[in-house]
Engineer: 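Sharing a structure, written as structure tokens. Questions coming.
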Amino acid sequence: MRLVSTAELKNRTNEVLRTALAGEPVVVTRHGRPVASLVRLADRDLDALAQARRGRHADVSGAAFGYRYAAFPLPFGAFYVAFGPRGPAFARIATSARAFEREATRYLAAPVTPGRPPRWLAEATVAAVRRHEAFRGPVDLARVGPFEREVLEALRRIPAGQVRTYREIACGLGEPGAARAVGSACARNPLPLLIPCHRVVRSDGGLGGYSLRGGAGLKRRLLQAEGAISALFA
DNA sequence: TGTATGACGATAT
DNA sequence: CATATCGCCATAC
């Protein structure tokens, strides 16, 4: 994965494009924050695009491509990640590949089949879930609404070892009354762990809920492992 | 278009 | 302090 500023994108367009064409995702940053990505399209993706362009508002962003998925063993279960040309799109802890496949297929409304992730994705995923490193790569949020997308992008900026309250996130988006909607967005986060919704807690001091398999107990363990809360709190 | 649904928050009891 | 109630807001259906 390669990060480029908007200035770099303007001044070295061809060179940056070569990076993307080589298969390495390029993430564009503005004011130092990732805001967009450049991803190479495979031939079959181009076919899908041409098809989508012919059809009436077809879903160019995901459904036309189909997705693949891979499993990452974790201390608390198998973590499965479905990914497409635009990056990871759906992730869950599941008891079996079959169970994950069903969930992912239903959410993405597209075929989800086993496959090997690109090296950068495998490495970034392992770094995120096992070493608490921020997942900086591009993510596919094609099926997330506009407000919830803003919420998820805000969550990505919470450093490991820190927490924010649902209300703080809402205020940060200029919607001080939308704490509950922020909670809903977290509950429906398609990329738990990669997008650290476990770092959002209640403003009354409680930890709040966690809908990923493992529930609030897992949320507490994750925050402890990251050093965000002490063992005493638990 | 209206209605129901939450990983919330503030307040009352 | 725990529980109940009501307001809040973006989605799903």
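Keep in mind the model is a prediction, meaning the values are calculated, not measured. Reminder, nothing fancy here: chain letters follow the sequence lines and each chain counts from 1.
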Engineer: Can you classify the ring geometry of Phe100(A) versus Tyr80(A) as parallel (below 30°), tilted (30 to 60°) or perpendicular (above 60°)?
Structural biologist: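 Aromatic pair Phe100(A)/Tyr80(A) classed parallel.
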Engineer: Search all heavy atoms of Trp120(A) against all heavy atoms of Gly137(A) and return the closest pair with its distance.
Structural biologist: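 Taking every non-hydrogen atom into account, CZ3-CA, 4.0 Å.
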Engineer: If you look at every heavy atom in Asn189(A) and Ile195(A), which pair is closest and at what distance?
Structural biologist: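 The pair with the smallest heavy-atom distance is ND2-O, 2.9 Å.
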Engineer: Are Arg157(A) and Glu153(A) ion-paired here, with the side-chain N under 4.0 Å from a carboxylate O?
Structural biologist: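 Looking at Arg157(A) and Glu153(A), the cut-off is not met.
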Engineer: Do you know which two heavy atoms are closest between Ile158(A) and Pro196(A), and how far apart they sit?
Structural biologist: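 Closest heavy-atom pair between Ile158(A) and Pro196(A): O-CG, 4.3 Å.
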Engineer: Considering all heavy atoms of both residues, which atom of Leu121(A) and which atom of Pro117(A) are nearest to each other, and what is their separation?
Structural biologist: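 Reported closest heavy-atom pair: CD2-CB, 4.0 Å.
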Engineer: What's the CZ-P distance between Phe147(A) and dC9(C), to the nearest Å?
Structural biologist: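 Rounding to the nearest Å, CZ of Phe147(A) and P of dC9(C) are 10 Å apart.
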Engineer: Starting at atom CD1 of Ile169(A), determine the distance to atom C1' of dA10(C), rounded to an integer number of angstrom.
Structural biologist: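 After rounding, the gap between these two atoms is 16 Å.
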Engineer: Please tell me if Ser203(A) has a side-chain N or O lying less than 4.0 Å from either OP1 or OP2 of dG9(B).
Structural biologist: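 Yes, within the criterion.
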Engineer: Which atoms of nucleotides 2-4 of chain B (N or O only) lie under 3.5 Å from a protein N or O atom, and what are those distances?
Structural biologist:
none

Engineer: Rounded to whole angstrom units, what separation is found between the CD atom of Glu148(A) and the C1' atom of dT5(B)?
Structural biologist: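 Going from CD in Glu148(A) over to C1' in dT5(B) covers 12 Å.
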Engineer: Tell me: CG of Leu222(A) to C1' of dA7(B), nearest whole Å?
Structural biologist: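 Rounded to the whole Å, the gap is 14 Å.
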Engineer: Measure across Val144(A) and Arg149(A) and return the closest heavy-atom pair with its distance rounded to 0.1 Å.
Structural biologist: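 Where Val144(A) meets Arg149(A) most closely, the heavy atoms are O-NH2, 3.1 Å.
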Engineer: Send over the distance from Asp204(A) CG to dA2(C) P, rounded to a whole Å.
Structural biologist: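 Asp204(A) atom CG is separated from dA2(C) atom P by 10 Å.
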Engineer: Which ones in residues 178-201 of chain A lie close to DNA chain C, meaning a heavy atom under 4.0 Å from one of its atoms?
Structural biologist: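 Correct list: Ala178(A), Arg180(A), Ala181(A), Arg188(A).
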Engineer: Would you mind reading off the distance between Arg167(A) atom CZ and dC8(C) atom P, rounded to a whole angstrom?
Structural biologist: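 Atom CZ in Arg167(A) sits about 15 Å away from atom P in dC8(C).
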Engineer: Please report the shortest heavy-atom distance between Phe83(A) and Pro118(A), naming the atom on each side.
Structural biologist: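 In this case the closest contact between Phe83(A) and Pro118(A) is CE1-CD, 3.9 Å.
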Engineer: Walk me through it: do Glu150(A) and Glu148(A) pass the test side chain to side chain contact (heavy atoms under 4.5 Å, CB included)?
Structural biologist: CA-CA 5 Å; Glu150(A) 286 190 75; Glu148(A) 297 192 340; over 6 Å; no
Engineer: Does some side-chain heavy atom of Arg156(A) sit less than 4.5 Å from a side-chain heavy atom of Val139(A)?
Structural biologist: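 Yes, their side chains come closer than 4.5 Å.
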Engineer: State which of dA10(B), dA7(B), dA10(C) makes the closest approach to the side chain of Tyr210(A).
Structural biologist: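 Ranking dA10(B), dA7(B), dA10(C) by closest atom to the Tyr210(A) side chain puts dA7(B) first.
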Engineer: Would you sketch DNA chain C in dot-bracket for me? Only Watson-Crick or G-U wobble pairs with both distances under 3.5 Å count, crossing pairs as [ ], other-strand pairs as |, the rest as dots.
Structural biologist: .||||||.|||||
Engineer: Whole-Å distance between dC8(B) P and Glu168(A) CD?
Structural biologist: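 That distance rounds to 15 Å.
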Engineer: Whole angstrom is fine here: how far is it from CG in Leu207(A) over to P in dC8(B)?
Structural biologist: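 After rounding, the gap between these two atoms is 11 Å.
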